[in-house]
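Start at 1 and go down the list; that is how both ligands and their atoms are numbered. Since we're looking at a predicted model, the values are computed, not measured.
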Amino acid sequence: MNTYQNQQIRIQNSLTGKKELFKPIVDGFVGMYVCGPTVYSNVHLGNVRTFMSFDMIYRYFLHLGYKVRYVRNITDAGHLTDDDSEDKISTKARLEKLEPMEIVQKYTVDFHEILRRYNFLAPSIEPTATGHIVEQIEAVQKIIDNGLAYIANGSVYFDVLKYNETNNYGILSKRVIEDAIENTRALDGQSDKKNPQDFALWKRAEPEHIQRWNSPWSEGFPGWHLECTVMSTKYLGDQFDIHGGGMDLKFPHHECEIAQAEACNHKAPVNYWMHTNMLNLNGKKMSKSTGNHLLPQEIYSGDNNILSKAFSPSVTRFFNMQAHYSSILDLSNDALLASEKGHKRLMDAIDSLKNIKIGETSSFNVDAWKQKCYDAMNDDFNTPILIANLFDAVKFINQIKDNKATITNDDFDLLKTSLNAFVFDVLGLMNEATADTNSDTLSGTIELLIKLRAEAKANKEYAISDQIRNELIALGVQLKDGREGTTFSLQ
Ligand code: AMP
Ligand code: ZN
């Protein structure tokens, strides 16, 4: 039995820029927070890539026997548009003449459906920003009381220069304050700020802004960065193990999260910051705002102008896992076709384990192979190396089939268990061919019973034909007799 006690994970920590041995705060437990989607539109495959990388990381911790509290939020308020003038959800609600909560519901349902199709494990907690307004107001008050925020015209801003006197704003993104200023455009409402790099903890709502709550400062809404500080520390503690998100969130979002948490609790909130790299399309980052994106449903339905065919969720998942989470990945038709081939070779080998011949000796060191798989995952979750190792096993299985290699019973058990664990539990792939074959087998069997029933009827053996129909109904198979013959449906 492999547990976290005998596998040591090293993680590339964006905070220190080093690959570090992972030591959780409490032995055997992992607290992990990942920034979730802003639910004002459908998630695209780039978003899915980031969430999938953390799903794989979550799966690996679980596989090693860690108890994991995995928190991934839903941003349903407070995320401002790129020009910082309005909230993304409120804007969409106003344009579509819908309640903001209708927008939130529609795209949360879409997000969950995509997660289900792509075989994601549910996080332990999925908190929403709107469900934590009280806690956010309390955090703003605490930062004001600690002298690191000021009120201006009903809004509350974080005083970055003041904070920087005793702390290091830029500790994560390695930006110096001057860079931060240069990167801040002349934004709406900026005139209220003492300094351009200050950021909003609470915004007074303009009359057209629909999502608004009472606060000591104004009727308004919380800043986006604040929700993650509040929800991560509420559920994981003032200091927790891992915080993740896409690289594009490092600045300002995660930098501001650190500043807010330090300003509230006087502690660095996170031990290991992990950032995933971007999925590109046509050489550019997949993005909602530029329209350069493919939706997951466009990929598995084949309904798009970019790819030559549909690609199943498991093939797309395999494609993602073939790259390290910290590398840029380019989506293309050729790359997906190659992944589809590799995925099939892997699944065919797993299927063929059913009929493997057991020998007297093994011509493959299964124990060493298994440890190589762990070594790959322990090295900052290196899924491409893991997959290369899985293909060493595929090659071996194919050699056994061709009578060019042998395996003992014990090694066979170990190979099968480990292969299943890495392919299905850790990478989260699905054997869609088996699922198809299962449904082919089922429909073939029902068709056979329909034929036997028709024969029984023709021979006036009504007791038999009725028995077939009734017993199929009891099993949830409904037969329908029509002019063209009998059809069936599953209930
Ligand atoms: P959003 O809903 O825009 O806040 O994005 C949700 C998550 O998807 C964030 O962690 C982003 O960093 C991530 N993300 C956005 N675009 C991409 C992309 N092209 N590739 C990978 N991750 C992305
Ligand atoms: Zn966040």
Taking only heavy atoms of [X] into account, list the atoms of ligand 1 that are under 4.0 Å away from them.
X	answer
D248	11 (C), 12 (O), 15 (C)
P37	2 (O)
H44	16 (N), 17 (C)
K285	16 (N), 19 (N)

| query | Does H254 bring an N, O or S atom to within less than 2.8 Å of the Zn ion (ligand 2)? | reply |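 It does not; every qualifying atom lies at 2.8 Å or beyond.
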
| Is the distance between the Zn ion (ligand 2) and the nearest N/O/S atom of C35 smaller than 2.8 Å? |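 Of the N, O and S atoms in C35, at least one lies under 2.8 Å from the Zn ion (ligand 2), which means yes.
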
| So how far is it from S314 OG to M321 CE, rounded to the nearest 0.5 Å? |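 Between S314 OG and M321 CE, I get 10.5 Å after rounding to 0.5 Å.
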
Answer yes or no on whether [X] is positioned over the face of [Y], meaning its NZ or CZ is under 6.0 Å from the six-membered ring centre and within 45° of the axis.
X	Y	result
R72	F54	no
R59	F381	no
K309	F311	yes
K194	Y150	yes

| Looking only at heavy atoms, is any part of N47 under 4.0 Å from ligand 1, and if so is it the side chain, the backbone, or both, or is it neither? |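 Under 4.0 Å from ligand 1, N47 contributes backbone and side-chain atoms.
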
| request: Classify the contact between L249 and ligand 1 as side chain, backbone, both or neither, using a heavy-atom distance cut-off of under 4.0 Å. | output: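 Under 4.0 Å from ligand 1, L249 contributes side-chain atoms alone.
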
How far is [atom] from its nearest protein heavy atom, and which residue and atom is that?
atom	value
atom 17 (C) of ligand 1	M278 SD, 3.5 Å
atom 10 (O) of ligand 1	G246 N, 3.1 Å
atom 19 (N) of ligand 1	M286 O, 2.8 Å

Does the N or O separation between [X] and ligand 1 drop below 3.5 Å for any pair?
X	result
S287	no
T50	yes
M247	no
G245	no
F51	no

| According to the interplanar angle, ranging from 0 to 90°, do the rings of F422 and H63 count as parallel (below 30°), tilted (30 to 60°) or perpendicular (above 60°)? |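 Because their plane-to-plane angle lies in the 30° to 60° range, the rings of F422 and H63 count as tilted.
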
Is there a side-chain contact between [X] and [Y] in this structure, where contact means two heavy atoms from C-beta onward sitting under 4.5 Å apart?
X	Y	value
S312	Y300	no
F22	N271	no
L295	L45	no
L21	Q8	yes

| message | Within rounding of 10°, what is the angle whose vertex is the Zn ion (ligand 2) and whose arms end at SG of C228 and NE2 of H253? | response |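 Vertex at the Zn ion (ligand 2): approximately 110°.
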
| message | So, 4.0 Å and heavy atoms of K288: is ligand 1 close enough to count as a contact? | response |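 The answer is yes: ligand 1 sits under 4.0 Å from a heavy atom of K288.
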
| At a 4.0 Å cut-off, with the gap strictly under it, does some heavy atom of N277 reach an atom of ligand 1? |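 It does; at least one heavy atom falls under 4.0 Å.
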
| Ionic contact status for K285 with D248, cut-off 4.0 Å |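 Yes, charged N to carboxylate O under 4.0 Å.
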
